[in-house]
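Starting from 1, each residue takes its place in the sequence as its number.
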Amino acid sequence: MLISQHEREKSGPRGSCAMSSNQTASGPSSQPAASGPDIPPVAPIMVDGYGKAGGYKFDADQVDSVIKQWEDLVTDLLADKQMAEQVANVRPPSDEVASNRFVHDGAGPSGRSLLEENKKMVDYATNYLTALRAAKNKISVEEQKHQQTLKQTGF
């Protein structure tokens, strides 16, 4: 079942968050850069006083739970991607005008748009996870990215 972004926002991962009144979504951040122009940067994250102020604050004992929720969200988004690919790759049931028009003008473009939005959500959630892990480990986001790369390559 595909879930809309609005439904995800209503039921998605939430931690005890404290956003300062001067925090803006477009302000500079040391968090990972979002890929693509439509993905906002991750707000600053602070765990037990480590990290930048002006964003989300977590206690050390709750950050593992928040990380698990975001990992589950990425897993769900990747499952959604498989279903979105089916929509994007739908073929007409027969070679006649109505079926071809439905696929060419409706289902195909809609499925491709769904895939693009899904990728943006996966990218944002992955960036947020990287920032959470970096704050938990009391290291910079760049150091966290290097650690993840080394793990993936077997070092």
Side-chain angles (χ1 to χ4, degrees), residues 1-60 62-90 103-153:
M1 171 192 249
L2 295 175
I3 299 173
S4 73
Q5 183 175 0
H6 174 72
E7 290 170 332
R8 252 192 225 295
E9 289 170 356
K10 288 189 332 190
S11 64
R14 293 188 175 108
S16 297
C17 306
M19 179 80 74
S20 72
S21 60
N22 63 357
Q23 174 63 34
T24 64
S26 62
S29 172
S30 65
Q31 303 302 320
S35 60
D38 296 331
I39 302 171
V42 175
I45 297 174
M46 184 180 285
V47 176
D48 275 351
Y50 180 82
K52 288 198 171 215
Y56 298 101
K57 291 183 180 181
F58 299 98
D59 294 327
Q62 73 183 152
V63 76
D64 287 328
S65 170
V66 174
I67 288 172
K68 173 73 170 107
Q69 290 175 24
W70 280 87
E71 288 171 341
D72 291 346
L73 177 62
V74 170
T75 299
D76 291 345
L77 288 169
L78 292 174
D80 288 350
K81 178 185 175 202
Q82 291 176 341
M83 291 184 275
E85 286 172 341
Q86 292 176 351
V87 174
N89 297 321
V90 69
V103 170
H104 183 266
D105 296 342
S110 178
R112 287 188 295 279
S113 176
L114 182 60
L115 279 172
E116 290 171 15
E117 292 305 312
N118 176 271
K119 181 182 181 334
K120 291 175 187 177
M121 288 188 285
V122 169
D123 289 347
Y124 181 84
T126 302
N127 289 343
Y128 195 83
L129 269 169
T130 299
L132 278 170
R133 289 180 181 129
K136 176 189 173 199
N137 295 332
K138 295 180 173 56
I139 60 175
S140 73
V141 170
E142 288 306 312
E143 289 171 318
Q144 184 66 36
K145 285 182 181 180
H146 291 306
Q147 281 185 1
Q148 287 174 262
T149 301
L150 287 174
K151 278 184 183 178
Q152 291 172 350
T153 58

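- The shortest distance between side-chain heavy atoms of K136 and I45 does not fall below 4.5 Å.
- Of the charged side-chain nitrogens involved, none lies within less than 4.0 Å of a carboxylate oxygen, so that E116 and K120 do not count as a salt-bridged pair.
- Side-chain atoms of L132 and F58, non-hydrogen and from C-beta on, do get closer than 4.5 Å to each other.
- Residues K68 and D72 are paired through a salt bridge, judged by an N-O separation under 4.0 Å between the basic side chain and the carboxylate.
- The shortest non-hydrogen separation linking V42 to A131 is CG1-CB, 4.1 Å.
- In summary, of the residues considered (D76, L114, N118), a side chain to side chain contact (heavy atoms under 4.5 Å, CB included) with K81 occurs for N118 alone.
- In this structure Q148 satisfies the side chain to side chain contact (heavy atoms under 4.5 Å, CB included) test together with T130, R133, Q144, sequence neighbours excluded.
- Scored by the side chain to side chain contact (heavy atoms under 4.5 Å, CB included) test, V90 finds V103, A107 as partners (sequence neighbours excluded).
- When all heavy atoms are compared, the tightest approach of A125 to L77 is CB-CD1, 4.3 Å.
- For the pair I67 and L129, the tightest heavy-atom approach, listed with the atom from each and the gap, is O-CD2, 3.6 Å.
- Expressed to the nearest 0.5 Å, how far CZ of R112 lies from CG of N89 amounts to 9.0 Å.
- The side-chain heavy atoms of Y124 and N127, taken from C-beta on, include no pair separated by under 4.5 Å.
- The two residues L150 and T153 come nearest to each other via the heavy atoms O-OG1, 3.1 Å.
- The two residues G111 and A88 come nearest to each other via the heavy atoms C-CB, 3.6 Å.
- Distance check: I39 CD1 to E117 CD gives 9.0 Å after rounding to the nearest 0.5 Å.
- Atom CG of residue L78 and atom CD of residue Q82 lie 8.0 Å apart, to the nearest 0.5 angstrom.
- Distance CD/Q62 to CD/Q69: 10.0 Å, rounded to 0.5 Å.
- Annotation: side chain of K119 is not in contact with side chain of L115 (no heavy-atom distance under 4.5 Å).
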request  = List the steps and the verdict of side chain to side chain contact (heavy atoms under 4.5 Å, CB included) for W70 and V74.
outcome  = CA-CA 6 Å; W70 280 87; V74 170; 5.8 Å; no
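- For D48, there are no side chain to side chain donor-acceptor pair (under 3.5 Å) partners, not counting sequence neighbours.
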